[in-house]
Protein chains: 2
Amino acid sequence: MAARADTSKTAESSDKVSVICRALRRAIIEQALEPGAKLPEDSLGERFGVSRTIARHALGQLAAEGLVELRRNRIAVVATPSWQEARDAFDIRIELERLVVRQLAGKLTKPQIAELNAHVDAEDRARDGTDAVSIRLATEFHILLAHMTNSPILVRYVSEVAYRCCLTLSLYSRPHSSECAINEHRAIIAALVKGDVDKVMGLMHSHLDSVATRALVAPSPQRGRDLLDILAPYADEASGDRVVKLPKAVRR
Amino acid sequence: MAARADTSKTAESSDKVSVICRALRRAIIEQALEPGAKLPEDSLGERFGVSRTIARHALGQLAAEGLVELRRNRIAVVATPSWQEARDAFDIRIELERLVVRQLAGKLTKPQIAELNAHVDAEDRARDGTDAVSIRLATEFHILLAHMTNSPILVRYVSEVAYRCCLTLSLYSRPHSSECAINEHRAIIAALVKGDVDKVMGLMHSHLDSVATRALVAPSPQRGRDLLDILAPYADEASGDRVVKLPKAVRR
DNA sequence: ACAGCTCAAACTGCATGCAATTGAAGCGCC
DNA sequence: GGCGCTTCAATTGCATGCAGTTTGAGCTGT
């Protein structure tokens with residue numbers, strides 16, 4: 001299982017660091033760590049049996065991937081992408097994954113096709129499990145596709161942006177709604193095997209677009225739950241009659 | 001000058017680390033540091049007046065961007081992308097930059113147009129200078145465009161992939177050949193201002209495509225200068241009559 | 001000369017220690 | 001009771017030290 005962990009040694013320096021990175025990445029996209037969750041270097045180091053130095057390095061890498069937010073002299077937190085950033089991430093993802101299927105159409109080997117089918121079967125089986133797992137599997141399907149291009153760079157970018165999208169999904173989409181995704185995955189495989197480039201690019205585009213719009217229905221500020229951002233407009237009109245009392249000065 | 005250094009605080013943790021990153025990035029794309037150049041932590045730290053810890057962290061970031069190669073227990077080196085990786089990078093870059101101009105077409109403000117024109121003028125003026133500087137300026141034109149989308153994610157990816165392409169250009173293209181690039185940049189600005197989405201996407205596509213093909217003319221193994229890779233086929237037929245004598249066992 | 005061996009210098013991997021900054025509890029004052 | 005100030009534990013920023021690995025220079029035997 002565990003759908004091909006690394007393969008490309010791009011970045012991910014030593015071992016300990018990359019182990020921590022993988023663990024955190026997974027925890028984040030499975031929502032074990034929610035956006036905004038604190039990630040103190042000490043606790044991380046202790047949890048993984050390494051020193052702060054290593055934990056710190058791992059946080060740096062994850063920050064470079066956009067999964068973690070680093071603020072000077074403050075505890076690192078799981079990133080909380082804005083709605084706009086989420087939309088941008090999906091736009092980029094669509095282009096990248098169109099590129100993936102364009103390169104792959106009609107070029108899949110038999111074992112690759114089998115691997116893809118096996119993965120979708122696994123997705124199917126996971127429908128009974130938790131949402132978190134099926135979200136992760138759905139994301140990993142796309143990463144698996146990217147791997148098959150044999151382009152480390154493409155793998156890296158697709159992975160990164162897919163994880164990011166995963167993160168935003170957990171932020172802005174409540175009911176999850178991955179029901180039809182599995183069928184769409186099967187359709188993509190079929191078109192890929194058939195070698196119909198235009199069709200598969202169209203399928204991938206509409207697949208991702210529908211995932212995005214299903215999730216990011218509207219700017220819907222309520223779901224942003226940044227608390228301070230939500231309160232900001234109220235604070236601006238510094239008048240009485242406030243529903244929520246603001247704690248002293250809300251600076252930054 | 002210095003075309004907008006950071007803007008997005010994504011990654012780039014503290015200050016010292018990001019200063020080193022920027023310096024190294026620039027040195028790399030200006031070919032002050034050639035691909036394969038060694039980057040010992042000690043020397044770096046000494047040069048920038050910081051400890052190895054910080055230098056190491058910076059190397060980690062650059063490795064995540066693909067500019068530096070980290071090998072366990074070995075001195076870090078400036079990355080040496082293979083021809084195939086170079087081609088892949090350009091493919092990705094084309095898609096990303098098409099996205100940039102699609103978002104920008106007809107939406108540029110007056111000051112933005114002025115900034116772009118000023119940059120191209122600077123490129124023009126730099127034609128007398130060294131190749132390295134004009135390559136850097138040409139790259140920064142594209143990054144400047146990305147900045148104008150106001151999408152930090154897009155900025156990050158375009159920057160990264162553009163730097164990577166810059167690196168490969170310095171590896172595989174000898175005469176440089178940026179003559180016409182400036183005119184192409186001007187044409188893109190014009191189409192952008194006019195708001196002709198299809199035209200500007202086409203322009204950007206052909207611009208990057210021509211840069212890529214001008215540079216990456218053929219797999220041309222000779223230019224890969226990896227020495228060991230070049231020699232590999234000779235080593236395979238472990239026979240006498242070799243032109244170059246191989247030093248003991250050529251392991252990895 | 002030349003291939004192989006040995007060993008010391010160079011370098012990385014990692015933990016730990018100290019100073020500086022932050023966040024929040026505690027405390028007095030209005 | 002609520003507001004502001006002080007103080008202290010928690011936490012980061014960074015340098016340094018030690019152990020293990022790699023590199024390559026020099027030596028030896030052929």
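Only heavy atoms go into these numbers, but all of them, side chains included; no hydrogens, no water, no symmetry mates. Just so we're on the same page: letters track the sequence lines, and every chain starts at 1. Since the model is a prediction, treat every value here as computed from it, not as a measurement.
When the C1' atom of dG20(D) is taken as reference, atom CG of Asp15(A) falls 16 Å away, rounded to whole Å. Across the protein-nucleic acid pair, Glu41(A) atom CD and dA15(C) atom C1' stand 14 Å apart, rounded to whole Å. Straight-line distance from the CD1 atom of Ile20(B) to the C1' atom of dC14(D): 12 Å, rounded to whole Å. The separation between Leu59(A) atom CG and dT12(D) atom P is 8 Å, rounded to whole Å. Computed from coordinates, the Arg52(B) CZ to dC14(C) P distance equals 11 Å when rounded to whole Å. Rounded to an integer number of Å, the gap from CG of Leu44(B) to C1' of dC11(C) is 13 Å. Here dT12(D) presents its P atom at 13 Å from NE2 of His57(B), a figure rounded to the nearest Å. Lys16(B) has its NZ atom 16 Å from the P atom of dA19(C), to the nearest Å.
For the pair Arg93(B) and Glu160(B), the salt-bridge criterion is not met [side-chain N within less than 4.0 Å of a carboxylate O]. A salt bridge is absent between Arg26(A) and Glu140(A); no separation between the charged side-chain nitrogens and carboxylate oxygens falls under 4.0 Å. Ion pairing between a basic and an acidic side chain is recognised when a charged N comes within 4.0 Å of a carboxylate O; Glu65(A) and Arg25(A) show such pairing.
Comparing atom distances between the Arg72(A) side chain and each of dG13(C), dT12(D), dC14(D) picks out dC14(D) as nearest. Checked against dT11(D), dG13(D), dA15(C), the side chain of Asp42(A) finds its nearest nucleotide in dT11(D).
Residue order along DNA chain C, read from the 5' end via each residue's closest nucleotide, puts Leu39(B) first among Thr53(B) and Leu39(B). Mapped onto DNA chain C by nearest heavy atom, Val50(A) and Asn73(A) fall at different nucleotides, with Val50(A) at the one closer to the 5' end.
In this structure, Gln61(B) contributes its side chain and Ala64(A) its backbone to no donor-acceptor pair below 3.5 Å.
A close approach under 4.0 Å does occur between a side-chain nitrogen or oxygen of Arg56(A) and OP1 or OP2 of dG13(D). Dashed line: the shortest gap from a side-chain N or O of Arg74(A) to OP1 or OP2 of dG23(C) is under 4.0 Å.
To the nearest 0.5 Å, atoms CG (Asp88(B)) and OH (Tyr157(A)) are separated by 11.5 Å.
Using a 4.0 Å heavy-atom criterion, one finds that Lys38(B) contacts the sugar-phosphate atoms exclusively.
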